[in-house]
Amino acid sequence: MAGVRLSGVTKRYGAGITVLDNIDLEVHDREFMVLVGPSGCGKSTVLRVLSGLEPVDAGEIRIGDRVVNDLAPRDRDIAMVFQSYALYPHLTVFENIAFGLRVRKTPKQELARLVGEAAEVLSLSDKLEKLPRHLSGGERQRVALGRAIVRKPQVFLFDEPLSNLDAKLRVQMRAEISALHKRLQITTIYVTHDQVEAMTMGERITVLNGGHIQQTDEPLTLYNTPANRFVAEFIGSPPMNLMSLTKKDGVFQYAGHPLPFTGNTGAAEPSLDTVLAGIRPEHVDVAEGGGGLPAQVVLVEPMGGETIVYLALEDGTRLVAKIDGMRRFTLGETLMVTFDHQQIHWFDPRTERRISL
Amino acid sequence: MRTYLLPLVLLVLVASCGEGTEKIPEVVIWEFMDPKERVILEESIEAFQATNPGFVVKHTNYPPEQLRTQFLTAAMAGGGPDLVFGPADNAGPFSVAGVIQPIEKLFDNQYLAGFEPLAFDTLDGHIWTLPSQVGNHLCLIYNRALVDEVPGTLREMLDQAETLTVDEDGDGRPDTYGLVFDSKEPFWLVPFLGAYGGRVMNANSEPTLDTQAMVNALAMMKNIRVDRGLMPPGTDIQLAETLFKEGKAAYTINGYWSWGGYLDAGLDFGVTSIPIHDETGLWPAPFVSSRGYSVNANLKGAKLERALETLRYLVSPAVQIRTAHELYVIPSSIEAVKDPAIQSDMRIKAAWEQLRHGKRMPVVPEMRAIWDAMRPAYQNVINGEMTPQEAAKAMQADAIKKIREMKG
Amino acid sequence: MAGARRYRTAYLFLAPAVLVMLAVVLYPFIYNVAISFSNMSLYHLRDPQFIGLAHYKTIFLETEIWGIFGKTILWTAINVVSHLTLGIGLALLLNQEVRGRAWFRALLILPWAMPQYITALTWKGMFNYEYGAVNLLLKAVHLPAVPWLSNETWAFIAPIIANVWLGFPFMMVVALGALQSIPKEMYEAAQLDGANWWYQFRRITLPMLKPVLGPAAVLGTIWTFNNLNVIWLVTNQGEPADKTHILVTYVYKAAFHYYRYGYAAAFSIVIFLILLSFVVYYMRIQKEEV
């Protein structure tokens, strides 16, 4: 088993485009690390340079204690599951899983045993003679997994493996992959653009944007203390509300209103005139009267257990609130909005970094 | 939808009315002519149409094989063109299949008497083609820069050709050859067969290939190509023409169709008869055949009259003289031959002389089997894979087999 | 019955096509079968008589024809195998990221774009013993000239060369299309599994090309088996000495040189049956695989 370490890794395409800019990333041995970010952020490229499918322009890649920069993919002892599964349509499930073993000239009995084991783990034992086109989406996904686990590699790489499945299967496979990792204890790097997948599966999560690492942390840490505005907005659904506050009379105010915080208003950062205040929807409270900012209901999405309410402040700024599902709202009604001060995230509007007030 | 329909229906009606009333019957000709000859045909047709309003003459060019099969198929089905132009041997299959009509029943004797008798081929006692030219035969052609005087006998001529075969740069391959001709096609063997008194078939169209004359002719060809080495191995028509055009050959044996190319190449050449054989005292006898028009058997009445009127113009002395003058073919019309323009052309005159020594090429379909039987055995002699005796025997056997198969 | 009513419009639309097919395919075919039992030839054009299986008997008893049949198989096999090998090879090269790829592709498709007739005659000229380009090239590298068109063996190799030249672009285009539809992840997955180029070619590329190249090869086999033009034109109608015939040129000669219509009709039925059994055999294999 082995950890993975990227130090100062840079990857460029052509002359102008830098996809990975001086990336430092450490994945511990046996860890399940999720790379998440919007499309084009460079997360898949991390997998491609790690696997050796593409060379890096600068930096060092280590797997275990070996520097693998100059090793061919086959010598890096890693397995990858592709978004498209990359199953061979002309080979049976058995042969698809056995492909890597055959390349390595594994003895026949050994090969049958290993494929059998992998199939057992993935509940594919009765599908071994079928061709991929006769399988369901979930089964194909499992064959792709089988092909990766059968070789017992040092590192697993997953490149958006669930994005071709429907929502229900996705939830199921999420759990299966997590369970598989617990059982096999193989270092895993999992790329996704879906922050729900990231939150539910990752032991740690790395958020990437524009070829830079934004933050690497455990899921709840990431949620509770986003390092910057990008992470704050990217993680969480619906996304965090951001409001620009201006200092007046020594306190930050919103559009001339002193903010209707419940609890302590806190002391202001002395050097800043404006700040960004981030409030997650579940920390927005609404009441039919009393103090607070007046806001009009523009859209209501009842989800059952909770209701998402979209509000418009007087100057048109939108706010999203996640409210207990038992309450009812009518479009156009005016509500008074209040926030819990303890739950506000503060960001410097220029650097967009997290600050504390 | 409906608004578009009515004009469409009207259009169709108007179009079909026009079709019915105004149609001028066309005279259709299918021909196998080379491009220069076709230009003359086109201009002749224009001239004819100009002086004969109401006549529309159309022509379509076909390669020889297609001309034959297409015409056979079309005429068998009751259609086809009115006139078909090609070599006289087309008359063989056409007349056997009954798709053309005898010429002597279409024109009176007085008109036909205006043609050179040698130009008529008969089959089953009928004339099937009205010739527009005669000859199509091989002559001896020499490069005046290399040959001062053509010797009087065949042996002397071959000896002279041997001295003219020279390897100047000493690479083991001659740079100038004495005598080049197509050594693959038995058409070039025929004159030498005649020099020994042989014929390819008898009057009953039965092959007569296994004869001493054939053995001697084959031996002579081998002597020319191999023993004397007067031409390079594998010389075919293209190679022979190229060598002669480039001035790399003293003599060639070829037909009138090659003269234009030699003139274009700026060659000063003479034409004469292949010299008489020293021992047999016989003239080499190239096959002589004519080219001309045959009349579709399906034609009758007014349509036939129109076709014959067109035909009379196309074989008229005026057209023949022009063709002869530009393409060096020998006219079939006696009046045209007597024309001073023709009489003053030394080459055409020489070809006319050679014609006198020639033998008429049979037009029967069996000729095809004879050619195909002669070709491989002849080539085998040249390649040294058969003796002349073996080859003569093989030709005869093969020809008999092929003719039997044809007759089914 | 319900189906017939439901699809009536569809049948109506199909009817003209079906009628034309009947007229131009089925009718001549039946006519061909009919005259194959007759002695129809130039001499019996208007009065053919029924002679039963006589032509078929001749065909199977003629020893010469078995030699031609063998040559046809050889001709077809060498051509199709060469077309496939060259086509796949060049497609693999063109599938790489090379500079000027579009240009190369256009250049390589050119032999296919030329009319077969012209290409064949050009090759015939290039095989000329003394002045042909091929022998001039051989001479330039101090190799002996080859009697391309006069020696029985060489005269068979010459049209094969010409036809390989004519045929590979089709397979190349088909293979290139198929190659481009193979997702590159399959190769990447194989690379990670440790497969080298050759292993990837054998276990991924070839099997993935098969569904497309299989039918193309069958089509190519039929075309080549029945390729009249190239042999006919390059060897000048089967020269030397009718030793370079394949079945279809032999039939063509019988029909249009010797006007042996009944015999040629019977012979084409035999060729048809040979090709039919080949296609049926192929389709059976195909079905077993699925």
Side-chain angles (χ1 to χ4, degrees), chain A residues 14 44 47-54 63 68 71-92 95-106 131-134 143-161 164, chain C residues 84-85 87-89 91-92 95-102 171 174-218 282-290:
Chain A
S44 290
L47 295 193
R48 296 182 66 80
V49 296
L50 235 166
S51 61
L53 291 172
E54 283 177 31
I63 297 176
V68 298
L71 289 184
R74 62 168 164 276
D75 299 321
R76 297 191 182 194
D77 200 11
I78 45 185
M80 185 152 156
V81 175
F82 292 85
Q83 180 177 355
S84 63
Y85 316 148
L87 299 184
Y88 306 123
H90 56 284
L91 297 180
T92 59
E95 287 301 328
N96 263 291
I97 296 177
F99 192 89
L101 299 174
R102 287 211 192 278
V103 173
R104 279 151 212 256
K105 303 210 163 55
T106 311
L131 288 172
R133 65 169 171 276
H134 297 132
V143 177
L145 286 175
R147 205 168 58 185
I149 65 172
V150 75
R151 268 174 39 213
K152 302 203 164 59
Q154 293 201 48
V155 182
F156 271 154
L157 307 178
F158 289 86
D159 189 2
E160 309 222 15
N164 287 352
Chain C
L84 282 171
T85 329
I88 293 173
L92 285 174
N95 202 31
Q96 311 284 316
E97 300 285 333
V98 286
R99 204 197 291 233
R101 177 163 76 163
M171 292 296 178
V174 171
L176 193 59
L179 278 180
Q180 282 169 346
S181 70
I182 303 179
K184 73 174 193 316
E185 285 91 354
M186 293 203 179
Y187 294 107
E188 294 178 345
Q191 250 174 295
L192 292 172
D193 277 342
N196 58 20
W197 182 86
W198 175 239
Y199 196 90
Q200 291 177 37
F201 177 72
R202 252 179 342 121
R203 298 296 304 271
I204 304 173
T205 311
L206 271 190
M208 298 281 288
L209 288 180
K210 218 176 117 189
V212 181
L213 281 186
V218 170
Y282 170 80
M283 287 193 345
R284 186 166 297 171
I285 291 182
Q286 192 80 333
K287 203 177 264 175
E288 276 166 15
E289 276 182 6
V290 170

Closest approach of [X] and [Y], non-hydrogen atoms and distance?
X        : Y        : result
C/Gln191 : A/Leu53  : OE1-CD2, 3.7 Å
C/Gly194 : A/Arg74  : CA-CB, 3.0 Å
C/Arg203 : A/Arg102 : NH1-CD, 4.0 Å

field: Donor-acceptor contact below 3.5 Å, side chain A/Arg104 vs main chain C/Asp193
entry: yes

Donor-acceptor pair, side chain of A/Tyr88 and main chain of C/Ile204, under 3.5 angstrom
no

Turns out that what part of A/Leu87 lies under 4.5 Å from chain C's heavy atoms comes down to backbone

One option among A/Arg147, A/Arg48, A/Glu95 has the most heavy-atom pairs under 4.5 Å with chain C, and it is A/Arg48

Assert top hit (heavy-atom pairs under 4.5 Å, partner chain C, pool A/Val103, A/Asp75, A/Leu101, A/Leu91) equals A/Val103

Within residues 76-85 of chain A, contacts to chain C at heavy-atom distances under 4.5 Å involve A/Ile78, A/Met80, A/Phe82, A/Ser84

CG (A/Asp159) and CD (C/Glu188) are apart, to the nearest 0.5 Å, by 9.5 Å

